[in-house]
Amino acid sequence: MALSPESMPEKPFDFRAPPPSPIASGRRSCVTNEDVLSEFLEHSLRVPDLVLPDKVFPRQNFIENPPKIDFQLLSSMESDSLSKILDSIARIGCFQLVNYGIEGECIRSALAAAAGIFQLPPEKRRAVARSPPEKLYGFEEAHGEKEEEGEGKVSEEFVWCRGAGLKLEMEAIWPVGYSNFSEKMESLLCDIEKVAEKILMAIRQNLPPKTDYENDMKQGQGGIGSGCYVYKHSRNMSAEKCSGSLRYDVIRMLIRGFDYSHALCLHVCDGSSEFHVYSKKGWVSFCPDKDALVITVGDQTQALSGGQFKHVIGRPIYKGEEEDCISMAFLYSPPSTTNTTKVDPQKGKNTISLSQQAIAAIVLTLVYHILVFVYNKF
């Protein structure tokens with residue numbers, strides 16, 4: 001039954017929300033001292049100013065030049081050269097070496113040949129790039145910034161070693177040039193290794209005897225022995241780019257360091273304006289002497305000394321040069337740590353693996369059956 005308009009309620013239900021209650025304009029705040037509250041909130045909500053560079057990057061400290069040691073006097077018992085070496089590598093992890101017996105022409109020839117490596121076009125360099133990261137040789141930019149117009153990279157890096165893999169890859173992109181460069185590097189490395197061997201021997205003779213020497217001296221990564229980091233330092237770099245490159249070096253040192261486990265690093269850096277020494281606890285700089293090799297301590301020597309000697313990473317710095325400069329860092333590991341043949345520590349003789357023993361047993365069994373067959377036949 002439909003309701004007529006007359007029968008509907010006169011005032012239908014109103015579902016609208018009630019209007020807000022008026023606020024008395026004369027009501028006072030419940031907080032008696034608004035100034036105190038405002039000051040408290042202002043100080044509590046203020047975001048502190050963070051100065052990260054001083055926290056992340058250690059400060060650069062200039063020091064007096066480390067001692068300059070005459071290589072020819074290392075074996076002299078009357079000289080105090082050895083005590084100066086031990087003191088210097090314990091304090092800052094490096095020292096300088098002069099009169100080391102390597103012809104200057106041999107060094108200059110290798111540096112000149114190395115300059116040709118960085119003249120290869122980018123597409124050829126990418127073919128021998130250090131990718132994946134486990135690859136221990138090839139090209140890698142020391143500073144990952146792109147080239148700007150009219151200004152090149154701060155520095156570039158090439159890692160050289162005696163491995164057959166590098167030789168095959170480089171001869172495919174630079175056959176004649178690389179053969180010449182590799183010969184000069186091999187000649188220089190042989191002389192460098194003789195110097196490093198004598199220095200390390202002198203250091204070892206003045207340490208307490210250790211029965212676990214082979215365990216402390218780490219096995220060289222990749223089994224390829226000594227290697228060399230070759231750097232090209234670009235000319236006329238702006239102060240901003242040089243600062244960025246130094247920060248990159250510090251970060252890389254803290255995260256990765258050198259890819260090669262080594263005992264000593266011998267730096268060929270004649271003409272450098274400064275030499276920076278990075279460790280995990282500090283960063284020091286000095287002005288190296290002309291024609292001197294800078295020797296830095298590696299992780300193997302630090303382990304050998306029980307932490308007495310400081311493992312550091314060195315970098316030469318070239319400022320205001322009119323031409324590009326080349327420097328080299330030779331990483332030396334004793335032959336005993338890179339020899340892949342297993343040696344019995346008690347007998348001093350080569351051991352025979354289980355696979356070799358199994359093959360020998362099979363061969364002897366076959367020979368036995370052949371001899372028995374021949375004997376029965378005849």
Side-chain angles (χ1 to χ4, degrees), residues 66 89 92-97 100 102 106-108 110-111 113-115 117-118 130 136-143 154-163 166 181-182 184-197 199-200 220-222 224-234 245-246 248-250 252-253 256-279 283-286 288-289 291-302 310-318 324-333:
I89 61 179
I92 59 175
C94 73
F95 63 94
Q96 299 183 94
L97 191 70
Y100 39 83
I102 302 178
C106 179
I107 295 177
R108 288 189 293 270
L111 292 174
I117 288 180
F118 299 103
R130 295 192 62 192
L136 295 181
Y137 58 80
F139 290 95
E140 179 177 347
E141 295 182 3
H143 195 306
V154 174
S155 62
E156 298 171 67
E157 175 183 313
F158 177 80
V159 184
W160 177 84
C161 66
R162 289 177 170 137
L166 174 62
F181 164 72
S182 186
K184 296 182 183 300
M185 289 294 291
E186 181 67 35
S187 176
L188 179 56
L189 179 58
C190 290
D191 293 336
I192 289 287
E193 286 180 329
K194 293 176 183 178
V195 173
E197 181 181 5
I199 294 173
L200 187 60
Q221 294 189 29
I224 58 180
S226 302
C228 179
Y229 283 70
V230 184
Y231 301 97
K232 187 191 83 169
H233 308 267
S234 299
S245 178
L246 294 180
Y248 175 85
D249 277 343
V250 174
R252 182 182 179 187
M253 181 278 302
R256 194 173 81 179
F258 279 124
D259 296 308
Y260 287 91
S261 174
H262 62 287
L264 297 173
C265 184
L266 294 82
H267 301 265
V268 178
C269 53
D270 185 26
S272 61
S273 307
E274 299 175 4
F275 194 89
H276 292 186
V277 179
Y278 304 133
S279 70
W283 169 18
V284 298
S285 305
F286 61 89
D289 294 337
D291 298 327
L293 291 179
V294 180
I295 316 296
T296 55
V297 171
D299 57 318
Q300 295 178 7
T301 302
Q302 176 175 284
K310 184 183 295 185
H311 172 212
V312 298
I313 294 176
R315 288 285 189 276
I317 304 298
Y318 294 81
D324 295 342
C325 300
I326 302 294
S327 69
M328 296 181 177
F330 289 89
L331 276 62
Y332 171 74
S333 295

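It should be emphasised that the depicted structure is a prediction, and the values quoted were computed from it without experimental measurement. Because only heavy atoms are used, hydrogens play no part in the values below, and waters and symmetry mates are left out as well, while side chains stay in.
For Phe275, the ring-ring contact (aromatic ring centres under 6.0 Å, His included) test picks out His267, Phe286, with sequence neighbours left out. Taking the side chain to side chain contact (heavy atoms under 4.5 Å, CB included) definition, one finds that Glu186 meets it with Trp160, Arg162, Cys190, sequence neighbours left out. Under the rule for a side chain to side chain contact (heavy atoms under 4.5 Å, CB included), the partners of Asp289 that lie at least two apart in sequence or sit in another chain are Asn65, Lys68, Gln96, Ala292. Applying the ring-ring contact (aromatic ring centres under 6.0 Å, His included) criterion to Phe118, with sequence neighbours excluded, gives no partner residue. Taking the side-chain hydrogen bond (donor to acceptor under 3.5 Å, both in side chains) definition, one finds that Lys184 meets it with Ser109, sequence neighbours left out. When the side chain to side chain contact (heavy atoms under 4.5 Å, CB included) test is applied to Ala114, the partners found at least two apart in sequence or on another chain are Phe181, Val230, Ile326, Met328. Residues satisfying the side chain to side chain contact (heavy atoms under 4.5 Å, CB included) test with Cys106, not counting sequence neighbours, are Glu103, Ser187, Leu188, Asp191.
Using a distance-only test at 3.5 Å, with no hydrogens or angles considered, no donor-acceptor pair links the side chain of Ser285 to the main chain of His276. Counting only distance, with no hydrogens or angles, the side chain of Asp299 and the backbone of His262 share a donor-acceptor pair below 3.5 Å.
A distance of 13.0 Å separates OH in Tyr229 from OG in Ser327, rounded to the nearest 0.5 Å. Atoms CD and OH, on Glu197 and Tyr332 in that order, are 4.5 Å from each other to the nearest 0.5 Å. Considering CD of Glu156 and CZ of Phe139, their distance stands at 9.0 Å, rounded to 0.5 Å. Rounding to the nearest 0.5 angstrom, the gap separating the CG atom in Leu264 from the CD1 atom in Ile192 is 11.0 Å. We find the SG-CG distance between Cys161 and Leu331 to be 11.5 Å, quoted to the nearest 0.5 Å. A distance of 9.5 Å separates CD1 of Ile102 from NZ of Lys194, quoted to the nearest 0.5 Å.
Nearest heavy-atom pair across Leu136 and Val159 is O-CG1, 3.3 Å. Shown here for Tyr137 and Leu166, the closest heavy-atom pair between the two residues is CD1-CD1, 3.4 Å. The two residues Cys269 and Val294 come nearest to each other via the heavy atoms SG-CG2, 4.1 Å. Residues Gln300 and Ala263 approach most closely at OE1-N, 3.6 Å, considering heavy atoms. Annotation for Pro66 and Cys94: closest pair CB-O, 4.0 Å, computed over non-hydrogen atoms.
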Item checked: side chain to side chain contact (heavy atoms under 4.5 Å, CB included) between Ile107 and Val268, intermediate numbers included -> CA-CA 8 Å; Ile107 295 177; Val268 178; 3.5 Å; yes
Next item on the list: Decide side chain to side chain contact (heavy atoms under 4.5 Å, CB included) for Leu189 and Cys228; before the verdict, give the C-alpha distance in whole Å, the side-chain angles of both, and the deciding distance to 0.1 Å.
Entry: CA-CA 9 Å; Leu189 179 58; Cys228 179; 6.0 Å; no
Next item on the list: Could you please spell out the steps behind the side chain to side chain contact (heavy atoms under 4.5 Å, CB included) verdict for Phe95 and Ile199?
Entry: CA-CA 11 Å; Phe95 63 94; Ile199 294 173; 4.0 Å; yes
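Of the residues Pro288, Ser273, Cys325, Ser272, the one that meets the side-chain contact (heavy atoms from CB on, under 4.5 Å) test with Pro316 is Ser272.
Annotation: side chain of Val297 is in contact with side chain of Ile89 (closest heavy-atom distance under 4.5 Å).
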